[in-house]
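Start at 1 and go down the list; that is how both ligands and their atoms are numbered. Predicted model only: the values in this text are computed from it and were never measured.
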Amino acid sequence: MRKFEEKLVKQAAELRTMQPAKRKGSVKWESPSNIAIVKYWGKYPSQIPANASFSLTLSEAVTSTEIEFEYDSSIVEPELSYSFHGEEKEDFRMRISRYLETIEVYMPWLKHTKFTIRSENTFPHSSGIASSASAMSALALGLCDIEQILFRQKETDFYRKASFLSRMGSGSAARSVYGKMSVWGLTASCKDSSDEYAIPAAKMHPDFENLRDSILIIESGKKHVSSSMGHNLMKTNPYAKLRFEAAEANMQKLCNVVQEGDTGTFIDIMENEALSLHAMMMTSNPGYMLMKPNTVAAIHKIRQFREESGKSVGFTLDAGANVHVIYFEKHAGEVQQFIENELRPLCENENVIHDRMGDGPRKK
Ligand code: DP6
């Protein structure tokens, strides 16, 4: 068993001997989505990443989750009702139910608790923005908060535990529990990094404050190939080992670049990572392609604009067709004008979501 997990299992053994100080209540947490600059793609059992990743925490794209809870020692498995924007969602209720089973070993009180969970996203449901990072982190933060209320304990490792538990729900969610920039996964580039939880990235140059992310919605709606399937295909991808080594090399460069304020190299690494991620999809067996013609058109336009204007702007991609245009505060005016003129017409229903680096989750 890994070190932090061992600590949580020991804590759980103590909790099993305790009676809750309080039995009922409600908590509400708002947690953001994040966009990876160095990508997590490939994992081992129990959500251990094949390489370390680095992300920006977003500001506007958040999930808000309210959890009403009632501890009742006579029940022996968690009772759960779940609604999303006021509508009961059976598929997500089942997913949360399985999730609670998985993390019961760290939170033994879960099985004696009734939950009513109400969740909402600030970003449109069908925008194609990944919601598992914000949803799973908001839930994990809420559960950690409930544990403190029930047992009147002040958890010194609150965010590490929340990150660990978020990871069990969705790997990328581990990075959403901190503001600004996060690192998840063991890497020589970052002291205190861990495969078990994310940590806030070390100091950043002032030029990186207020980084912008304008999301071009090239295609909304459900993903054609899920991330779990994509991660799974990395097990047999002939380039996987090289990819994991390249990601670590990018991590090492990126951490220096962010501290030194080298915006040009930041953009090079970010675009290399985005294209490498999609190259992994194309070279998997079966291979697949999530970029659409307008994804490629947007990439060309961004690169051309950068060359002609000299502005620090670049792109990254998630596991989908949408394009994240990443740029710096000082060029925001010109870049947004370029987005309006050249990129918005490439988007589905001309939909662009302007976001930026944010301060992380908030208890409401
Ligand atoms: C392409 O975190 O969605 O967004 O751990 O299976 O839930 P699971 O996968 P998920 O994978 C995200 C992959 C990515 C890159 C990234 O966010 O690092």
Side-chain angles (χ1 to χ4, degrees), residues 31-58 61 63 91-92 95-96 98-99 102-103 123 127-140 163-178 181-187 193 195-198 201 213 215 222-235 237 240 243-244 246-248 250-251 254 269-282 284 288-291 295 315-324 326 355:
S31 190
S33 184
N34 68 74
I35 177 72
I37 304 299
V38 174
K39 307 292 181 183
Y40 147 58
W41 200 241
K43 63 177 167 181
Y44 306 118
S46 71
Q47 297 284 94
I48 295 300
N51 61 265
S53 55
F54 184 108
S55 61
L56 305 183
T57 300
L58 297 180
T63 299
D91 50 347
F92 213 70
R95 179 167 172 193
I96 296 178
R98 282 195 300 273
Y99 170 66
T102 315
I103 62 168
F123 46 96
S127 66
I129 297 184
S131 60
S132 67
S134 53
M136 296 317 292
S137 56
L139 179 61
S163 177
F164 178 101
L165 295 174
S166 301
R167 177 192 116 227
M168 303 308 284
S170 177
S172 54
R175 299 185 307 240
S176 271
V177 306
Y178 308 107
M181 297 174 172
S182 304
V183 170
W184 167 45
L186 197 59
T187 163
S193 59
D195 284 340
E196 295 186 273
Y197 47 77
D213 177 8
I215 309 163
K222 244 187 145 39
K223 290 189 201 170
H224 302 297
V225 183
S226 72
S227 290
S228 348
M229 246 148 92
H231 287 293
N232 203 30
L233 287 169
M234 284 301 278
K235 290 184 188 147
N237 186 307
R243 160 64 200 150
F244 303 146
E248 173 60 12
N250 278 341
M251 283 298 292
L254 190 71
I269 297 170
M270 174 174 79
E271 294 191 350
N272 171 262
E273 279 288 320
L275 296 177
S276 302
L277 168 71
H278 284 254
M280 288 303 106
M281 297 171 189
M282 292 182 220
S284 288
Y288 61 106
M289 200 189 282
L290 298 181
M291 286 191 238
T295 312
F315 68 86
T316 186
L317 307 166
D318 237 332
N322 297 339
V323 179
H324 291 247
I326 308 285
D355 209 333

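The local environment of CE in Met289 is sparse, with at most 12 non-hydrogen atoms from other residues, nucleotides or ligands closer than 6.0 Å.
Note: Phe244 and Tyr44 have perpendicular aromatic rings, judged against thresholds of 30 and 60 degrees for the angle between ring planes.
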| request: Run the numbers on Ser131 and Phe123 for side-chain contact (heavy atoms from CB on, under 4.5 Å), then give the verdict. | output: CA-CA 9 Å; Ser131 60; Phe123 46 96; 3.8 Å; yes
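Of the candidates Ser176, Ser172, Ser53, it is Ser172 that places a heavy atom closest to atom 10 (P) of ligand 1. When the heavy atoms of Arg175, Lys39, His231, Arg167 are ranked by distance to atom 16 (C) of ligand 1, first place goes to Arg175.
Within ligand 1, the atoms closer than 4.0 Å to a non-hydrogen atom of Trp41 are 1 (C), 13 (C), numbered from 1 in the order shown. Every atom of ligand 1 with a heavy atom of Ala36 under 4.0 Å away is listed here by number and element: 16 (C), 17 (O), 18 (O). Atoms of ligand 1 lying under 4.0 Å from at least one heavy atom of Gly171, given by number and element, are 2 (O), 5 (O), 7 (O), 8 (P). Shown in contact with Lys43 at under 4.0 Å from a heavy atom are these atoms of ligand 1, numbered in order with element: 5 (O), 6 (O), 8 (P).
Here's the thing with Ser170: one of its N/O atoms is less than 3.5 angstrom from an N/O atom of ligand 1.
Within the 3.5 Å criterion, the main-chain N or O of Met234 finds no donor-acceptor partner in the side chain of Lys43. With hydrogens and angles disregarded, a donor-acceptor distance shorter than 3.5 Å links the side chain of Asn237 to the backbone of Met280.
Side-chain contact check for Glu273 versus Val38: some heavy-atom pair is nearer than 4.5 Å.
Not a single heavy atom of Met136 lies less than 4.0 angstrom from ligand 1.
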